[in-house]
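Every number for a ligand or one of its atoms is a count from 1 in the order of the listing. Along the sequence shown, the residues carry numbers beginning at 1.
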Amino acid sequence: MKNPYLLLTPGPLSTTASVRETMLKDWCTWDDEYNNLVQDIRKRLVKLATASSLYTAVLMQGSGTFCVEAAIGTLVPRVEGKILIAANGAYGLRMVHMCEAIGINNTVYKVNETESFDTDVIERMLQEDEDITHVAVVHCETTTGILNPIEEVCCIAKRYNKMTIVDAMSSFGGIPMDIEQLQIDLLISSSNKCIQGVPGFGFVIAKTDELEKCKGNARSLSLDLYDQYKTMEKDKGKWRFTSPTHVVRAFYQALLELEEEGGVQGRFKRYRENQHLLVTGMRRLGFNTLLQSKQQSPIITSFLYPTYSFFTFQGFYQSLKKQGFVIYPGKVSQVDTFRIGNIGDVHKQDIERLLEAIHSTVKRKEIQQ
Ligand SMILES: *Cc1c(COP(=O)(O)O)cnc(C)c1O
């Protein structure tokens, strides 16, 4: 079945028909066929993340946030654990809220949503507070689309012997990286972002020996990443509780299609070219970006509202939806923005058609509600 419109969103996103079609079969969670599929996915995820053999992958039911909470809640020890969170957007701050909710000692380095982190400040915080054991940062902060300098942040954290946690939810699979080289101990992503699967689970790729040390840390039974890991290892691909079987099967297909596209490198190329095409076209139509080009990720772009008095997001959104495109509202606190994502099964012709649709919308002043 064809989708009535293209999702230009940061996930759930437009998937291929071949990914969606794999969900037409039912699976038994006890059966070898299914558990082997899970094991295969775990291996493939590690390979996508690093050439190192020191890492393992664990899948966790729920959306990406559940997995971030499982990771933080399982990694940081109950006694004498403290996490430094660098935040320049809603997803960085969400980690802070999680810590508050489950009672994890934390300290926050908060900067403006359009700014990047100053590693000197992080270094000073680490020097002044020896209680800090973990450092967490978001890679692509989807709030704005800014790409954060995880390499520098992890490097400074490691110089002070801290564990590093990276929320690479919206970048993993779409931006090349080797997490061992980046000195990341644990990375989190989910099924419905750059791997281009459907929503239903998140996953972590973590240093095996670090995960092995986390027994009894978890503040939650269902979000115990250590226990989930142990079960998947012992029972060879079994999840502890009901897993989203159809979603897992679709994810496997999405991984094969990622490979067909030339791996992460190939996908990155498509995303980057489409993002350039989008921004160039939007500028020509009089729209400005929130971020400078050098801060911008190839995942999602924030555009400032144009200055015409007749512009409303609702009018603009509805007009584009009628023409087959669903865009995303802004999430920045200080200025009015909307966002256009280009991850998912979105190609050059789609961006060209989108630009035409925006052009005709602006021209016809359809955005006047
Ligand atoms: C999508 C996303 C999440 C998780 O969001 P969910 O709605 O729980 O899937 C977390 N962090 C970042 C940076 C994201 O883009």
For Arg94, the ligand 1 atoms with a heavy-atom partner under 4.0 Å come out as 5 (O)
Contact check, Glu141 vs ligand 1, heavy-atom distance below 4.0 Å
no
For ligand 1, which part of [X] has a heavy atom less than 4.0 Å away: the side chain, the backbone, both, or neither?
X: Pro199; result: neither
X: Thr65; result: both
X: His139; result: neither

Ignoring hydrogens and geometry, is there a side-chain-to-backbone donor-acceptor pair from Arg42 to Ala57 under 3.5 Å?
yes
Distance-minimising heavy-atom pair for Ser171 and Ile299:
CA-CD1, 4.3 Å
Look at the aromatic rings of Trp27 and Tyr34 and report parallel, tilted or perpendicular, splitting at 30° and 60°.
tilted
According to the interplanar angle, ranging from 0 to 90°, do the rings of Phe316 and Phe338 count as parallel (below 30°), tilted (30 to 60°) or perpendicular (above 60°)?
tilted
Less than 3.5 Å between some nitrogen or oxygen of Thr142 and one of ligand 1, yes or no?
yes
Answer yes or no: does an N/O atom from Val138 fall short of 3.5 Å to an N/O atom of ligand 1?
no
Distance from atom 11 (N) of ligand 1 to nearest protein heavy atom, with residue and atom:
Asp167 OD2, 2.7 Å
Among all protein heavy atoms, pick the one closest to atom 14 (C) of ligand 1 and tell me residue, atom and distance.
Lys193 NZ, 3.1 Å
Ser319 and side-chain hydrogen bond (donor to acceptor under 3.5 Å, both in side chains): which single residue from Lys321, Gln323, Lys322 fits?
Gln323
Under 6.0 Å between ring centres, would you say that holds for Phe201 and Phe251?
yes
Heavy-atom nearest neighbour of atom 7 (O) of ligand 1 within options Ser170, Gly89, Ser63:
Ser63
